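So the structure is just underneath, and the comments pick up after that.
Just so it is clear, the model here is predicted, and its values are computed rather than measured.
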Amino acid sequence: MSGFPEFEVIPAVDVQDGSVVQLVGGERGTGKRYGDPVEAASRWIDEGAETLHLVDLDGAFEGERENAAAIEAVVDTVDEGVGLQLGGGIRTAADARGLLDAGIDRVIVGTAAVETPEIVAEIDETHPGSVVVSLDAKEGEVVVSGWTEGTGLDPAEAAARYEELGAGAILFTNVDVEGRLEGIDREAVESVVEAVEIPVIASGGVATVDDVVALKRAGAAAVVVGTALYEGRFTLREAQAAADEA
């Protein structure tokens with residue numbers, strides 16, 4: 001599961017208070033609800049999703065996994081052939097290993113990776129290639145703790161550092177454009193892609209199928225799409241077909 005065979009469009013199932021929610025710019029209280037996580041996951045799989053991006057939003061803010069039951073319900077309904085990557089509130093290597101042993105294919109660590117970088121190597125030791133380090137950028141700076149605290153880190157430099165520690169992939173989210181349906185920041189993605197050899201998953205700002213194609217051309221291995229899919233700007237099949245043709 002650590003590799004991406006071809007460029008992949010990955011639907012987001014972000015969970016807050018047990019419901020699917022999409023935030024605007026990572027800001028709490030801006031979320032629009034889109035119903036039951038299991039129903040959302042089933043819908044995306046029916047539309048051809050090969051991987052689902054699961055986020056415990058309450059976990060991202062509070063530092064503890066608050067939506068474990070809702071996430072487990074998704075894991076239980078998904079066939080083995082569908083990949084699952086999960087983030088939000090994973091703060092220790094033990095947390096990560098437990099999730100990987102329970103059927104999650106890739107764990108996404110953000111705040112924990114910044115605070116204790118060695119967590120990446122610890123998880124990679126027992127589950128090689130399964131760690132995705134999440135680098136969320138606001139105004140060109142990596143932010144943590146639910147996008148509320150600046151770190152002073154440059155995303156490209158940070159990505160290279162985590163590659164050395166054993167990250168299997170980088171999830172690069174441009175928080176400035178996330179959830180706004182106003183388009184992507186291609187240059188920011190390219191700078192991270194150029195800094196590492198491992199796959200870069202891009203996230204944030206996708207509004208059109210052209211944005212998806214642009215991210216593929218920028219060198220991303222995959223793109224996570226949330227709001228645009230839930231708002232019906234395009235279908236998952238349309239986005240994947242356009243990417244495949246590009």
Side-chain angles (χ1 to χ4, degrees), residues 1-10 12 25-26 51 53 55 60 83 85-88 90 93 96 105-125 127-147 149-178 183-206 210-226 243 246:
M1 270 308 301
S2 58
F4 296 82
E6 293 292 334
F7 182 85
E8 191 179 349
V9 182
I10 303 176
T51 303
H53 177 81
V55 178
Q85 57 188 41
L86 171 65
I90 302 168
D105 298 286
R106 295 191 284 258
V107 288
I108 302 163
V109 289
T111 302
V114 171
E115 291 178 350
T116 49
E118 56 273 16
I119 191 177
V120 177
E122 282 177 41
I123 303 165
D124 186 64
E125 203 174 299
H127 297 77
S130 65
V131 187
V132 179
V133 173
S134 173
L135 297 176
D136 301 333
K138 252 185 183 176
E139 296 174 3
E141 176 188 19
V142 175
V143 291
V144 294
S145 298
W147 311 285
E149 291 176 30
T151 61
L153 295 171
D154 171 79
E157 289 173 15
R161 175 183 168 201
Y162 289 113
E163 179 178 31
E164 285 179 16
L165 285 166
I170 298 293
L171 171 67
F172 176 63
T173 302
N174 193 320
V175 181
D176 294 322
V177 296
E178 188 179 25
I184 58 163
D185 181 343
R186 178 171 170 167
E187 286 180 11
V189 175
E190 284 175 341
S191 71
V192 175
V193 168
E194 287 165 8
V196 294
E197 298 291 323
I198 54 176
V200 174
I201 308 164
S203 172
V206 172
D210 289 345
D211 288 334
V212 172
V213 172
L215 288 168
K216 180 180 181 179
R217 291 189 170 137
V223 57
V224 172
V225 185

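The shortest non-hydrogen separation linking Ile123 to Ser130 is CG2-OG, 4.1 Å. Listed here is the closest heavy atom pair of Val200 and Phe172: CG1-CB, 4.3 Å. Of all heavy-atom pairs spanning Ala112 and Ile90, the tightest one is CB-O, 3.6 Å. Across all their heavy atoms, Phe7 and Ala220 have their closest contact at CD1-O, 3.2 Å. Taking both residues in full, the closest heavy atoms of Ala188 and Asn174 are given as CB-ND2, 4.0 Å, listed atom of the first, atom of the second, then distance.
With Glu8 contributing its side chain and Thr51 its backbone, the two residues share a donor-acceptor pair below 3.5 Å. Side chain of Asp124 to backbone of Gly129: a donor-acceptor contact under 3.5 angstrom is found.
Residues forming a salt bridge (charged side-chain N to carboxylate O under 4.0 Å, His left out) with Glu122 (at least two apart in sequence, or on another chain): none. For the side-chain contact (heavy atoms from CB on, under 4.5 Å) test, residues two or more places apart in sequence or in another chain that qualify with Ala246 are Val213, Lys216, Arg217.
Counting heavy atoms from C-beta on, the side chains of Val131 and Val109 come closer than 4.5 Å. With a 4.5 Å cut-off on side-chain heavy atoms, Ile184 and Val206 count as touching. Contact check for Ile201 versus His53: no side-chain heavy atoms found under the 4.5 Å cut-off.
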Atom pairs and distances, donor-acceptor, side-chain atoms in residues 150-165, under 3.5 Å, two or more places apart:
{"unit_1": "Thr151", "atom_1": "OG1", "unit_2": "Val142", "atom_2": "O", "d": "2.6"}
{"unit_1": "Thr151", "atom_1": "OG1", "unit_2": "Leu153", "atom_2": "N", "d": "3.2"}
{"unit_1": "Asp154", "atom_1": "OD2", "unit_2": "Ala156", "atom_2": "N", "d": "3.1"}
{"unit_1": "Asp154", "atom_1": "OD2", "unit_2": "Glu157", "atom_2": "N", "d": "3.0"}
{"unit_1": "Tyr162", "atom_1": "OH", "unit_2": "Ala113", "atom_2": "O", "d": "2.7"}
{"unit_1": "Tyr162", "atom_1": "OH", "unit_2": "Val114", "atom_2": "N", "d": "3.4"}
{"unit_1": "Glu163", "atom_1": "OE1", "unit_2": "Glu197", "atom_2": "N", "d": "3.4"}
{"unit_1": "Glu163", "atom_1": "OE2", "unit_2": "Glu197", "atom_2": "N", "d": "2.8"}
{"unit_1": "Glu163", "atom_1": "OE2", "unit_2": "Ile198", "atom_2": "N", "d": "3.2"}

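From Leu171, atom CG reaches atom CD1 of Ile10 across 8.5 Å, with rounding to the nearest 0.5 Å. With rounding to the nearest 0.5 angstrom, the NE2 atom of His127 is 14.5 Å from the CZ atom of Arg106. Here the CG atom belonging to Asp185 is positioned 10.0 Å from the CG atom belonging to Leu215, to the nearest 0.5 angstrom. Rounding to the nearest 0.5 Å places NZ of Lys138 at 10.0 Å from CG of Asp136.
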